[in-house]
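One structure is given below, encoded as structure tokens.
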Amino acid sequence: MNQAKEIYWSALAKDTYSELLKYLLDNYPSEIAINFDDKVNDLINRLKYFDQLCPPSKIVVNYHKCVINKQNSLIYRINNNHIEIVAFIDNRSDFSY
């Protein structure tokens, strides 16, 4: 099995994730936010061992985009022996990832 890589969160990733969870908690039953958080944690645990799990960006070199659900994606990049979570984005928005 692959050796686990460290996961780091950028300030932008922390902010966008907090905003997303707050939005879910404010607008939907708490189970929706809990399920989303569980999905993200499962994804991050898999990324620790399989850093190429999600497809690379066609626009930004060394970035990868993981679709979490129809509305949201996680953007990350691989830096030597660790993975940096860059941001969480709304799939309907116009991001250059």
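Note: hydrogens, waters and symmetry copies are ignored here, and every other heavy atom, side chains too, is used.
- Remark: Lys22 engages Asp26 in a salt bridge (Lys or Arg N to Asp or Glu O under 4.0 Å) (not counting sequence neighbours).
- The hydrophobic clustering, which links ILVMFWY residues whose side-chain heavy atoms are closer than 4.5 Å, places Leu12 and Tyr8 apart.
- The SG atom of Cys66 sits 12.0 Å away from atom NZ of Lys39, with the distance rounded to the nearest 0.5 Å.
- Heavy-atom minimum distance, Asn45 versus Tyr49: O-CD1, 3.5 Å.
- Partners of Tyr28 under the ring-ring contact (aromatic ring centres under 6.0 Å, His included) rule, at least two apart in sequence or in another chain, do not exist in this structure.
- Ring-centre distance between Trp9 and Phe88: below the 6.0 Å cut-off.
- Counting non-hydrogen atoms of neighbouring residues, nucleotides and ligands closer than 6.0 angstrom, the CD atom of Gln71 exceeds 12 such neighbours.
- The heavy-atom pair separating Leu21 from Phe36 by the smallest distance is CD2-CD2, 4.0 Å.
- In this structure, the separation between CD1 on Ile68 and CG on Asp42 is 11.5 Å, given to the nearest 0.5 Å.
- Considering only residues two or more places apart in sequence or on other chains, Lys5 meets the salt bridge (Lys or Arg N to Asp or Glu O under 4.0 Å) condition with Asp51.
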Where do Ile7 and Lys48 land on the side chain to side chain contact (heavy atoms under 4.5 Å, CB included) test, with the steps shown first?
CA-CA 7 Å; Ile7 301 285; Lys48 287 179 183 179; 3.6 Å; yes
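- In terms of modelled atom types and a separation under 3.5 Å, the side chain of Asn79 and the main chain of Glu84 share no donor-acceptor contact.
- The side-chain contact (heavy atoms from CB on, under 4.5 Å) with Lys65 is formed by just one residue from the set Asn91, Val60, Leu74; it is Asn91.
- Residue Asn81 qualifies as open at atom CG: its count of foreign heavy atoms under 6.0 Å is 12 or below.
- Note that NE2 of His64 and CD of Gln52 are 4.5 Å apart. Values are rounded to the nearest 0.5 Å.
- With rounding to the nearest 0.5 Å, the separation of CZ in Arg77 from NE2 in His82 is 7.5 Å.
- A single hydrophobic cluster is seen to contain both Ile59 and Ile89, as judged by linkage of ILVMFWY side chains at heavy-atom distances under 4.5 Å, directly or through other members.
- In summary, the side chains of Tyr17 and Asp37 do present a donor paired with an acceptor at a separation below 3.5 Å, with no hydrogens or angles considered.
- Using modelled atom types, one side-chain atom of Ser93 and one backbone atom of Asp90 make a donor-acceptor pair closer than 3.5 Å.
- Of the possible polar contacts, none joining the Ser57 side chain to the Tyr63 backbone as a donor-acceptor pair under 3.5 Å is found.
- To the nearest 0.5 angstrom, Ile75 atom CD1 is 6.0 Å from Ser73 atom OG.
- In terms of hydrophobic clustering, with Ile, Leu, Val, Met, Phe, Trp and Tyr side chains grouped at heavy-atom distances under 4.5 Å, Ile34 and Leu25 are assigned to different clusters.
- For the residue pair Asn69 / Asn72, a side-chain donor-acceptor distance below 3.5 Å is found, with atom types taken as modelled.
- In the hydrophobic clustering of this structure, Leu43 groups with Phe50; members are Ile, Leu, Val, Met, Phe, Trp, Tyr whose side-chain heavy atoms approach within less than 4.5 Å, directly or through other members.
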